[in-house]
Amino acid sequence: MDREFGVLRGFRESLPEEFELERAIVERSRDVFELYGYQEVGIPTVEPIGIFEIKSGEEIRHRMFRFTDMGGREVCLRPEGTPAIARMVATKMRDRPLPIRVGYVGSMFRYDEPQRGRFREFLQIGIELIGSSEPLGDAEVICVVDALIKSLGFREYYIRLGHEGILRGVLEKAGIGEEAQNAILSRIDRGKVEEAFKIFEEAGGDAEYRELVSALLEPTAGNDLEMVDNIRGLVGDIERCRFSLDNLKEIFEILTENDIKNVKVDVGFARGLDYYTGMIFELYCSGIDVALAGGGRYDRLLALFGWDVPAVGCAVGVDRVALAMRERGFTLRTRKVERVVLSPIDRESSRYAIRVANRLRGMGVGVVLELSSRPPGSVISRARKAGVRFVCFVGPRESMENTISVRDLKNDVSFVLDPEGVAKIVGGSEPRL
Ligand code: HAM
């Protein structure tokens, strides 16, 4: 095909069987959200640039799909959902009792370098818990993601848990301003530690604290809580660090008590979004070196929209979860209605076929209608290939008697029934039409 008309780099088409898995993941997430009291909301796909320029972080700002709309406004395709939720809650949901729990599902767009599990359009499922600064809230968000990942069948995965206040506390103490702190943390997030230290020096950071940053970035040994205690010794008098370590420890303990044991505390962990103020985490599974989910606490973002309340949340990347599931051979069924194939045996019976198909659909049975009459053998072999168990035929006799001839391909038997009888044996769902 002419390259000009091909799918753009980093974008994906999902064939029916691929899409079914993605849809199933989304449906499962909705079920899990509901169990925890999160209500789904809708947010715009196109946004003014400014909403992400304030706090989304250098990396995302540089990778937005920006354009000027026909009204001359500088807009972008949303690279993430959190700022839009912060705006919605701060401007339209202030009269509701706190905490507010909302969820969203939608495509996000980032001009990332495409690679395995990294696309330019990807589907995120997010939850945000607004109005609580309790460690229980931080833990809840992680529990929701953990419950979802477990319910999808994953067993080998781990949660990397950190706290934005640890590195920031040291950088602040070293006399580094917020903008340079953001730049340093963004480099650390991308593994560019040398660049991070260069910015540290250029920003006039106190050399004494450079060593402390280095120590925090060391892959530390020992059990997680011991490690936190060791670090507490190192950061000694820096109050923000001490508070952050205590907070991290409390969240870690709640998780452990809730049977979430695969948590690795990482005191030198940074995430690429500038709005984080507290706990941060990412979830990884074996075989894929990019995160399946990520999130954290952002206590100052809503204030930018006029309501100073704390918040915490996270987002799961559906494309990455689907990729990991496919590689593990995990399946998830979504088809809720049982499908039958219905074929008129001659042209004259097609009107009756449409009527009877609609009756069956009214009783919750999915019906795929053969549009032109073919020999029964061909209808049956096509149905078999498609994995359909029941094939229905209607002709002049059925039309007169208001019946359907059904062939059960699994048991190799045939019978004649009225539409209600067919719905009964096929197992229709709740009437939908
Ligand atoms: P994030 O870590 O940038 O956080 O993205 C969350 C998840 O989206 C990632 O863990 C990953 O699964 C998926 N994702 C990100 N970029 C790509 C990509 N290029 N291709 C495929 N999947 C990708 C956020 O977006 C925050 N808004 C999360 C949050 C909510 N924090 C607080 N509340």
Side-chain angles (χ1 to χ4, degrees), residues 1 5-7 11-31 105 123 152-153 318-319 322-323 325-326 329-433:
M1 194 207 302
F5 297 134
V7 175
F11 287 79
R12 283 186 328 120
E13 295 168 317
S14 303
L15 299 177
E17 48 285 3
E18 293 166 335
F19 199 76
E20 181 168 10
L21 178 61
E22 287 153 30
R23 196 181 111 177
I25 297 169
V26 170
E27 281 181 12
R28 179 62 59 82
S29 326
R30 289 187 165 125
D31 292 345
V105 177
L123 192 61
L152 293 172
V318 176
D319 309 73
L323 178 75
M325 287 180 71
R326 261 182 223 115
F330 293 175
T331 50
L332 207 57
R333 252 176 71 90
T334 51
R335 205 192 288 158
K336 288 199 176 129
V337 287
E338 210 49 60
R339 275 198 282 162
V340 302
V341 166
L342 191 138
S343 175
I345 63 167
D346 52 30
R347 231 185 137 73
E348 289 66 45
S349 308
S350 52
R351 298 284 171 85
Y352 175 65
I354 295 179
R355 266 207 322 276
V356 96
N358 285 338
R359 276 219 57 154
L360 287 172
R361 291 179 188 129
M363 290 184 277
V365 178
V367 182
V368 180
L369 193 63
E370 285 286 357
L371 298 180
S372 51
S373 52
R374 348 172 146 262
S378 145
V379 175
I380 288 175
S381 81
R382 280 155 53 99
R384 228 186 266 284
K385 267 192 210 139
V388 173
R389 176 173 167 191
F390 295 101
V391 184
C392 303
F393 293 102
V394 291
R397 209 187 72 203
E398 285 82 3
S399 162
M400 240 169 55
E401 294 172 354
N402 197 22
T403 55
I404 303 168
S405 293
V406 186
R407 176 120 198 113
D408 175 352
L409 303 184
K410 190 173 165 204
N411 297 323
D412 232 358
V413 285
S414 299
F415 25 80
V416 178
L417 292 167
D418 60 9
E420 283 73 20
V422 174
K424 213 177 253 171
I425 59 153
V426 170
S429 59
E430 285 292 301
R432 295 171 169 220
L433 300 176

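All values reported here derive from a predicted model rather than from experimental measurement. Heavy-atom basis, side chains included; hydrogens, waters and symmetry copies ignored.
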Could you tell me whether the side chain of [Y] reaches within less than 4.5 Å of the side chain of [X], counting heavy atoms only?
| X | Y | result |
| --- | --- | --- |
| Leu342 | Leu369 | yes |
| Ile404 | Val416 | no |
| Val368 | Val340 | no |
| Val365 | Arg339 | no |
| Leu152 | Arg28 | yes |

For a quick test of reading the model, state the closest non-hydrogen atom pair linking [X] to [Y] and the distance between them.
| X | Y | result |
| --- | --- | --- |
| Arg361 | Asn358 | NH1-OD1, 2.9 Å |
| Pro419 | Leu360 | O-CD2, 3.5 Å |
| Ile25 | Leu332 | N-CD2, 4.0 Å |

Is there a side-chain contact (heavy atoms from CB on, under 4.5 Å) between Val422 and Phe390? Walk through the geometry before answering.
CA-CA 9 Å; Val422 174; Phe390 295 101; over 6 Å; no
Report, one line per pair, each donor and acceptor closer than 3.5 Å where one atom sits in a side chain of residues 376-384; sequence neighbours left out.
{"unit_1": "Ser381", "atom_1": "OG", "unit_2": "Ser378", "atom_2": "O", "d": "3.4"}

Kindly state each residue pair satisfying salt bridge (charged side-chain N to carboxylate O under 4.0 Å, His left out) with at least one member in residues 349-358, sequence neighbours excluded.
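As it turns out, there is no salt bridge (charged side-chain N to carboxylate O under 4.0 Å, His left out) pair with a partner in residues 349-358 once direct neighbours are skipped.
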Can you name the residues that form a salt bridge (Lys or Arg N to Asp or Glu O under 4.0 Å) with [X], not counting sequence neighbours?
| X | answer |
| --- | --- |
| Arg397 | Glu401 |
| Glu17 | none |
| Arg326 | Glu22 |

Contacts of type side-chain hydrogen bond (donor to acceptor under 3.5 Å, both in side chains), residue [X], not counting sequence neighbours:
| X | value |
| --- | --- |
| Ser349 | Asp346 |
| Arg374 | Glu370 |
| Thr403 | none |

Just jot down the ring pair (Phe, Tyr, Trp, His ring centres under 6.0 Å) partners of Phe19, sequence neighbours excluded, or say none.
none
Tell me, please, which residues at least two apart from Phe415 pass ring pair (Phe, Tyr, Trp, His ring centres under 6.0 Å).
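Applying ring pair (Phe, Tyr, Trp, His ring centres under 6.0 Å) to Phe415 gives none.
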Run the side-chain contact (heavy atoms from CB on, under 4.5 Å) test against Ile345 and tell me which residues pass, sequence neighbours left out.
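Counting only residues at least two positions away or on another chain, Ile345 forms a side-chain contact (heavy atoms from CB on, under 4.5 Å) with Phe393, Pro396.
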All pairs passing side-chain hydrogen bond (donor to acceptor under 3.5 Å, both in side chains) where residues 411-423 contributes a residue, at least two apart:
Arg359-Glu420, Arg407-Asp412, Arg407-Ser414, Asp408-Asn411
Under the criterion side-chain contact (heavy atoms from CB on, under 4.5 Å), which of Val105, Leu123, Leu21 is the partner of Val318?
Leu123
side-chain contact (heavy atoms from CB on, under 4.5 Å) between Leu323 and Asp319, worked out
CA-CA 6 Å; Leu323 178 75; Asp319 309 73; over 6 Å; no
